[in-house]
J.: 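The structure follows.
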There are 2 protein chains.
Amino acid sequence: MLDLAILGLLQESDLHGYEIRRRLRDSLGLMANISFGSLYPALARLEAQGAVSAIEPGMAPVTGVAMGSLSGELAALRARRSKVVVAKKARKVYRITPLGRELFTRLLEDPSAGDDPRTFTLRLSFARHLAPDVRRALLERRRAQLVERLSEVRSATARNDLDVYARAVVEHTAAGVALDIAWLDGLIAHEGAPQHTSPQSPTAGDTMSSASTSPQG
Amino acid sequence: MLDLAILGLLQESDLHGYEIRRRLRDSLGLMANISFGSLYPALARLEAQGAVSAIEPGMAPVTGVAMGSLSGELAALRARRSKVVVAKKARKVYRITPLGRELFTRLLEDPSAGDDPRTFTLRLSFARHLAPDVRRALLERRRAQLVERLSEVRSATARNDLDVYARAVVEHTAAGVALDIAWLDGLIAHEGAPQHTSPQSPTAGDTMSSASTSPQG
DNA sequence: CCATCACTATATCGCTTCGATACTGCGGTG
DNA sequence: CACCGCAGTATCGAAGCGATATAGTGATGG
């Protein structure tokens with residue numbers, strides 16, 4: 001799961017660990033603070049597989065891509081005024097390999113490679129890399145899962161041995177799942193409608209929001 | 001986290017592993033299928049701590065509590081017609097100890113013992129065991145967390161480098177968090193209103209539902 | 001009549017993830 | 001210049017997960 005996230009980010013630019021974490025937090029906006037205890041082992045794993053390769057520190061061109069927006073820009077500013085060349089510390093910058101790109105595609109498309117909510121959210125975030133039919137299949141699959149889950153939760157709602165609080169929880173859960181389904185329906189409708197290449201189709205634009213798919217609370 | 005769930009269920013009746021799992025699934029309605037790879041180690045852990053004790057198979061009175069609603073009732077039926085005494089197999093029935101009750105209270109009340117969404121959901125499900133002020137504190141604490149999270153996600157929404165899909169995800173996430181907050185507000189209001197012992201206060205009843213706190217999708 | 005299926009039930013293995021913690025290098029501030 | 005705090009990498013132990021093994025039992029059906 002982390003592998004998918006990492007490869008997806010590296011797809012766009014070379015990054016070092018810390019920055020990957022930051023982007024996971026606020027570019028993807030989801031995936032509440034992945035811990036380093038997960039991140040670094042994941043990077044090591046991917047490197048061992050040959051899916052990413054580490055650009056040795058010092059070799060990395062200091063200009064641009066590799067640095068975090070915040071730290072990078074500040075460092076650049078400082079460099080300009082204090083005329084000290086910002087010799088980057090022990091940063092290990094990672095770059096995706098062709099093999100990594102293959103792996104990314106596989107993780108993104110193969111349903112058997114994880115089907116939990118987190119993975120779905122991640123896949124959807126990267127859905128621009130998917131062919132329209134695969135994308136649609138992804139949405140439909142998820143929808144089916146949610147429909148099943150909804151009926152389970154609804155049956156729990158029907159129980160009469162629940163006190164106020166337990167009941168509040170299950171009802172809230174059910175409502176959440178229902179809204180997720182509605183949201184997916186919106187997305188599916190968008191997929192189905194003939195795709196204009198023009199950025200904004202007239203009816204599009206506000207069907208794209210609703211409730212929580214559950215990428216963390 | 002599992003510990004809290006297990007102790008909470010054992011609070012009401014003695015149970016064996018399989019049945020704990022079932023109740024987690026459909027009594028609590030949440031906590032999508034806890035795997036046995038988590039459950040049995042957790043039970044072993046609790047037993048080692050002296051928080052639960054295993055009633056040896058055969059010693060357990062076959063009448064009632066220990067069996068699952070389904071299997072139990074069916075087994076009873078069958079026993080009646082086939083007059084074979086259903087000598088229960090290798091079932092290990094667990095019972096909570098006084099020390100376990102202490103641990104339960106601690107896990108339920110101490111915020112430092114886990115503050116992830118799953119744990120919150122669990123705590124709320126067991127909120128009838130909490131004193132009103134502690135209960136309220138629990139809700140307020142969670143609300144504060146969600147408010148912070150919302151502002152984070154909203155700032156992600158403001159980014160302009162997101163494609164349609166990534167944007168859809170973050171917006172959906174934001175909407176979900178907002179609804180969670182609204183739901184909590186409802187619950188808090190209920191807590192605040194002078195508590196009648198009578199089951200239904202006039203204005204109560206439909207404020208208790210909204211969106212997903214995120215006990216799984 | 002027995003094979004097979006589906007379900008209850010316990011248990012373990014290897015892997016991923018998490019939370020805590022430790023360490024270093026550097027720039028800014030008192 | 002001493003110290004604080006942040007950027008950054010790294011590791012450890014515990015917790016949870018998914019797959020898998022094992023075994024007893026009632027029901028289904030050729």
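Chain naming here is simple, since letters A, B, ... match the order of the sequence lines and numbering starts at 1 in each.
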J.: In whole angstrom, give the distance that lies between atom CG of B:L122 and atom P of D:dG16.
T.: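 Those two atoms, CG and P, are 11 Å apart.
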J.: Protein within reach of the bases, or only the backbone? For nucleotides 9-14 of chain D, mark each nucleotide 5' to 3' as B, S or -, using heavy atoms under 4.0 Å.
T.: BBBB--
J.: In whole Å, I'd like the distance from the CD1 atom of A:I34 to the P atom of C:dT16.
T.: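 Distance, rounded to whole Å: 14 Å.
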J.: Below 4.0 angstrom from OP1 or OP2 of D:dC6, is there any side-chain N or O of A:R22?
T.: no
J.: Can we say B:D161 and B:R159 salt-bridge, meaning some charged N sits less than 4.0 Å from an Asp/Glu carboxylate O?
T.: yes
J.: Using whole Å, what does the distance between atom C1' of nucleotide D:dA15 and atom CG of B:L46 come to?
T.: 13 Å
J.: Please state how far atom CZ in B:R118 lies from atom C1' in C:dT17, giving the value in whole angstrom units.
T.: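 The answer, rounded to whole Å, is 12 Å.
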J.: Quickly work out the A:L2 CG to C:dC15 C1' distance and round it to whole Å.
T.: 13 Å
J.: For the pair made of CG in B:L15 and P in C:dT8, what is the distance, rounded to whole Å?
T.: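 In whole Å, C:dT8 P lies 15 Å from B:L15 CG.
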J.: Please determine whether a side-chain nitrogen of the Lys or Arg among A:E12 and A:R128 lies less than 4.0 Å from a carboxylate oxygen of the Asp or Glu.
T.: yes
J.: Salt bridge between A:E19 and A:R23, side-chain N to carboxylate O under 4.0 Å?
T.: yes
J.: Would you please confirm or rule out a distance under 4.0 Å between OP1 or OP2 of C:dA11 and any side-chain N or O of B:R21?
T.: no
J.: Test: salt bridge (Lys or Arg N to Asp or Glu O under 4.0 Å). Region: residues 31-42 of chain B. Which pairs qualify, not counting sequence neighbours?
T.: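 Sorted result for residues 31-42 of chain B: empty, none.
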J.: Does B:F36 have any ring pair (Phe, Tyr, Trp, His ring centres under 6.0 Å) partners at least two apart in sequence or in another chain, and if so, which?
T.: B:Y18, B:Y40
J.: Starting at atom CG of B:D116, determine the distance to atom C1' of C:dG19, rounded to an integer number of angstrom.
T.: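 The answer, rounded to whole Å, is 11 Å.
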J.: Measure the OG-CG distance between B:S151 and B:L146 for me, rounded to the nearest 0.5 Å.
T.: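 Rounded to the nearest 0.5 Å, the OG-CG separation comes to 11.0 Å.
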J.: Measure from CG on B:L39 to C1' on D:dA19 and round the result to the nearest Å.
T.: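 Nearest whole value for this atom pair: 16 Å.
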